[in-house]
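Okay, so here's the structure we're looking at.
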Amino acid sequence: MRASMRHARYPAALLALLIVLLSGCARIPTSGPVGKSSESSAGNVNAPVFLPAAPQPGASPETIIDYFYRAGSGYEDDYAVARQYLTQASAVSWKPDKRALVYREARVVPTATENVFNYELDVSYTVDADGIATQSPPGTVERIPVTVTQVDGEWRISAIPDGTAIAEETFKVIYGAYPIYFYDPTFTYAIPDVRWFLKNKTVKAMTSALLAGPAPYLRGAVASAFPSGIKLARESVPVVSGAAQVDLTAKELTETSAEDRLRMQMQLTLTFRSQPDVVNVELRANQDLVRVEDNGSVLPPVLDKTVPSRQIAISGNDLVRYENNRVSPLPDMQPVSALNPRYPAESPVSQTAAFLNDGRTTLYSISPGQPARSLTTRSTLSRPSFSINDWVWTAGPGATGATEVVAFHPAGVAEGAPVPSVTLAPSWLAGRTVKEFRISRDGVRALVISEQNGKSKVQVTGVIRAGDGTPRELTAPITLVSAGDPDQGVWVNGTTVAVMKEAAGANVTPELLSLTSGQPQQLAPWPGLVAISAGNGADDIYVQSGEGVFQRLGNGWSPQIKGPIDPAFPG
C-alpha cells in the first residue's frame with residue numbers, strides 16, 4: 001500500500017487530476033467541490049488534500065451516512081466538512097483520529113431499528129491513533145452502527161463511533177508508512193517500528209507515537225531513551241528553519257542523564273529522517289532549549305545492520321563457503337559428511353556453524369577445532385538461524401507433539417560440556433507447524449512462517465531477552481499478507497522479507513513482503529526453486545533449483561555456480 005507520488009513537480013491542475021484518477025476506486029463524490037486539491041504546509045508540503053462535498057439539501061439518510069464517510073478523507077480544519085453531516089452535539093464529541101478503518105468495499109445497510117443503519121465494510125486495515133496498522137484478509141466484515149435524526153428537516157448523524165473509514169485507494173494517497181525508531185536493549189542497533197500517518201501531520205504524529213512506546217509486538221523486545229511518563233508539553237512540533245522543536249514536559253526531561261538526552265535526540269533524528277524539511281532536532285523543556293552535549297561516550301545506533309557477503313553452503317556432502325561464485329572449504333572445520341548435512345547456518349559474530357541432517361530430525365553445531373555436536377533431535381526441525389549474540393534457533397514438535405521454539409548457545413562451550421538452551425512454547429503457535437524461523441539481523445525480531453491445515457501465515461515476532469541476552473519470550477506477532485502459502489523466508493533488510501513456496505517440479509514466484517507496504521511484490525518466477533537466501537537488499541537475493549544457484553538480476557535471475565546447495569548468509 002505504499003503511496004509514492006511526488007506532487008511538487010506537477011502544476012496544480014494536473015495534481016488535482018492525478019488525485020481524482022488515483023482515487024477513482026475510493027468513490028470520491030462526483031457532486032459538490034470534489035476532486036480539487038491544495039498543498040498543506042502543516043507537515044509534508046507535498047501531502048495531497050481532498051476537499052469533499054458538503055451535505056446536499058434533501059439527501060436521504062443513506063446518502064448522508066455514505067457521504068459523511070467519504071468526507072473522512074478531508075482532514076483539513078479538523079475534518080470541518082465531515083462534521084457538517086453530524087448534529088451539533090455529535091460534531092463536538094466525534095474524535096476522528098481515534099482510528100481509521102481502511103476498506104475494500106462499503107455499503108449502507110438498514111437495521112431493524114428505526115433510523116439506525118450499519119455502515120458495512122470489507123476491512124483491509126485498521127489503523128489506530130498511534131499509526132499501528134493491523135492487516136485483515138479479504139472478507140473481513142465490520143459493521144459501524146450509525147444513528148440519524150432530522151435537524152431542521154434535514155437528516156444528520158446523531159450517534160457515530162469515533163474514527164473514520166477510508167477507501168483503500170484514497171488511503172494510499174493521503175497516508176504514508178513511516179518508521180519510527182527504537183533501540184535494541186543494548187542501544188547498539190536502531191529498530192524500525194513502521195506506522196501509518198496522514199502525510200501532512202507526520203512530525204507531530206511521529207513524536208507522539210514515539211513517546212507512547214513501541215507497537216505491541218515489539219514491547220519488551222526494544223528500548224527507548226525516553227522515560228516512561230514523558231509527554232509533549234504542547235500539542236505541536238513546529239519545524240523552524242529546519243529544526244524540529246520537540247517541547248517535552250520539563251520534570252521528566254531535566255531528570256534524565258546527558259547520555260539519555262543524546263540518545264533521545266538520536267532517536268528523534270532517525271525517526272524524522274523521512275521528513276525533508278527536518279534538518280536537526282532541538283529538545284526543549286516547556287519551551288526552554290535544553291543543551292544536548294556529545295562527549296563521545298554514546299555511539300550512534302547502527303541502522304539496518306548488514307551481513308557479510310559470504311554464504312555457507314553444502315557441497316560434496318560437507319560444509320563449504322560460497323562467495324563471488326566460488327566454493328572454498330570452511331576454515332578450520334572438521335568434516336561432517338558422515339552426518340549428511342543440510343540447511344547450514346553460520347554465526348554472524350563467531351566461527352560457529354549449525355546444520356540439520358538430511359532427514360531434518362537433528363540439529364548439530366560445530367566450532368573450529370571441535371567435532372560436531374548434537375543439540376536436539378525431534379520428528380522435524382526448521383532450518384537453523386543465528387542471532388547476533390550467538391544463539392542458534394530452530395523449531396519443531398516437543399515431547400507431547402506441541403510446537404516449540406528452541407535456542408542454543410554453543411559458542412565457547414568446551415567439548416563435552418552442556419550447551420545452554422532455552423525452550424519456548426508461545427500460545428500463538430499452538431496447533432501450527434513452523435516451517436521457517438529466522439532471526440532478524442538486529443537480533444530483536446524473528447520471521448516465523450507456520451502452517452495449519454495447508455494454509456500458511458507469515459508473521460514477525462519480537463524476542464524478549466533477559467539482561468544477559470538469554471531469550472525469555474516471544475511476543476504476540478504481527479501478520480504480513482502473502483499472495484501464496486510460503487514455506488520459506490529470509491530477511492532482506494530491516495523492514496523486508498523474501499518468501500516463497502518451494503516446488504521442485506513447478507514454477508515458483510518468490511515475493512517481497514514489507515512492513516511498509518500491504519501489497520506483496522512478486523519477483524520473476526523460475527522453475528523448480530527449492531531454496532532462497534538474501535544478503536543486503538532486494539538485489540542481493542539468491543535462489544536454488546536442481547539446475548544450480550541463481551542471483552536476482554533486474555526482473556529476472558542470473559545463473560551462478562552449479563554444485564553448492566542450501567546457501568545461507570550469516571545469521
Side-chain angles (χ1 to χ4, degrees), residues 217 221 341-347 352-365 373-410 419-441 443-465 469-480 482 485-491 497-502 513 531-533 566 568 571:
Y217 84 103
R342 293 293 307 273
Y343 315 111
E346 184 178 5
S347 167
T352 307
F355 57 91
L356 304 181
N357 64 340
D358 190 44
R360 297 182 67 156
T361 58
T362 303
L363 172 68
Y364 296 92
S365 70
R373 71 174 96 205
S374 171
L375 298 177
T376 186
T377 296
R378 297 170 182 243
S379 59
T380 185
L381 290 166
S382 66
R383 297 167 178 81
S385 173
F386 275 94
S387 67
I388 53 174
N389 54 1
D390 255 346
W391 287 84
V392 61
W393 296 73
T394 186
T400 64
T403 296
E404 294 178 345
V405 177
V406 290
F408 300 86
H409 196 283
V419 176
S421 66
V422 172
T423 300
L424 306 175
S427 59
W428 49 272
L429 281 176
R432 307 191 66 83
T433 300
V434 175
K435 295 294 187 177
E436 191 80 273
F437 190 97
R438 296 273 185 167
I439 296 291
S440 63
R441 280 87 185 265
V444 165
R445 300 160 293 162
L447 166 67
V448 185
I449 301 178
S450 62
E451 184 182 83
Q452 186 176 39
N453 299 326
K455 292 293 183 181
S456 293
K457 272 188 181 179
V458 181
Q459 297 177 301
V460 177
T461 179
V463 181
I464 299 175
R465 301 178 185 272
T470 300
R472 201 160 47 86
E473 188 180 344
L474 298 176
T475 65
I478 57 170
T479 300
L480 304 181
S482 169
D485 286 304
D487 56 12
Q488 290 193 42
V490 290
W491 288 92
V497 297
V499 300
M500 72 174 206
K501 184 176 182 65
E502 69 171 281
L513 310 182
I532 187 169
S533 62
D566 304 333

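Scope of the values below: all heavy atoms of this structure, side chains included, with no hydrogens, waters or symmetry mates.
For the pair S374 and L363, the minimum side-chain heavy-atom distance is 4.5 Å or more. The shortest side-chain heavy-atom distance between W491 and L447 falls under the 4.5 Å cut-off. Between V406 and T394 the shortest side-chain heavy-atom distance falls below 4.5 Å. Side chains of F355 and R342 form no contact here, defined as non-hydrogen atoms less than 4.5 Å apart. With a 4.5 Å cut-off on side-chain heavy atoms, S385 and V392 do not count as touching. Looking at heavy atoms from C-beta onward, I464 lies out of side-chain contact with L474 at the 4.5 angstrom threshold. Side-chain atoms of S365 and F408, non-hydrogen and from C-beta on, never get closer than 4.5 Å to each other.
Across P344 and D566, no two heavy atoms sit closer than the pair CD-O, 3.5 Å. Minimum interatomic distance between A345 and G571 (heavy atoms only, all atoms of both residues): CB-O, 4.1 Å. The shortest non-hydrogen separation linking L356 to S382 is CD1-O, 3.7 Å. When all heavy atoms are compared, the tightest approach of R465 to S387 is NH2-CB, 3.7 Å. The nearest pair of heavy atoms linking A446 to I439 is CB-CD1, 3.9 Å.
Judged by distance alone, the side chain of S533 and the main-chain N or O of A568 form no donor-acceptor pair under 3.5 Å. Of the possible polar contacts, none joining the R445 side chain to the S440 backbone as a donor-acceptor pair under 3.5 Å is found. No donor-acceptor pair closer than 3.5 Å links the side chain of E346 to the backbone N or O of T352. In this structure, S347 contributes its side chain and A353 its backbone to no donor-acceptor pair below 3.5 Å. In this structure, the side chain of T403 engages the main chain of R432 through a donor-acceptor pair within 3.5 Å. Checked by atom type and distance alone, the side chain of R472 never pairs as donor or acceptor with a backbone atom of V463 at under 3.5 Å. Within the 3.5 Å criterion, the main-chain N or O of E436 finds no donor-acceptor partner in the side chain of D487.
Atoms OG and CD1, from S482 and I449 in turn, are 8.0 Å apart once rounded to the nearest 0.5 Å. Rounding to the nearest 0.5 Å places CZ of R383 at 12.0 Å from CG of L381. Rounded to the nearest 0.5 Å, atoms CD (E473) and CG (L424) are 8.5 Å apart. Once rounded to the nearest 0.5 Å, the distance linking OH of Y343 with CG of N357 reads 10.0 Å. To the nearest 0.5 Å, the span separating CH2 on W393 from CZ on F386 amounts to 13.0 Å. Atom CD of Q459 is separated from atom OG of S450 by 5.0 Å, given to the nearest 0.5 angstrom.
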Verdict with reasoning, T479 to V458, per side-chain contact (heavy atoms from CB on, under 4.5 Å): CA-CA 6 Å; T479 300; V458 181; 5.9 Å; no

L480/V460 under side-chain contact (heavy atoms from CB on, under 4.5 Å): CA gap, chis, key distance, verdict: CA-CA 8 Å; L480 304 181; V460 177; 4.2 Å; yes

T377 and T361: CA distance, side-chain angles, deciding distance, side-chain hydrogen bond (donor to acceptor under 3.5 Å, both in side chains) verdict: CA-CA 5 Å; T377 296; T361 58; over 6 Å; no

L513 vs V499, side-chain contact (heavy atoms from CB on, under 4.5 Å): CA-CA, chis, key distance, verdict: CA-CA 8 Å; L513 310 182; V499 300; 3.9 Å; yes

Worked check of salt bridge (Lys or Arg N to Asp or Glu O under 4.0 Å) between R378 and E404: CA-CA 10 Å; R378 297 170 182 243; E404 294 178 345; 2.8 Å; yes

Verdict with supporting geometry, L429 and V405, side-chain contact (heavy atoms from CB on, under 4.5 Å): CA-CA 9 Å; L429 281 176; V405 177; 3.9 Å; yes

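Using a 4.0 Å cut-off between a side-chain N of Lys or Arg and a carboxylate O of Asp or Glu, D485 and K501 do not qualify as a salt bridge. With respect to E451 and K457, no salt bridge is recorded, no charged nitrogen being found less than 4.0 Å from a carboxylate O.
Y364 does not carry R373 over the face of its six-membered ring by the limits of under 6.0 Å from the centre and within 45° of the normal.
Ring geometry, W391 versus H409: the interplanar angle exceeds 60°, so the pair is classed perpendicular (tilted spans 30 to 60°).
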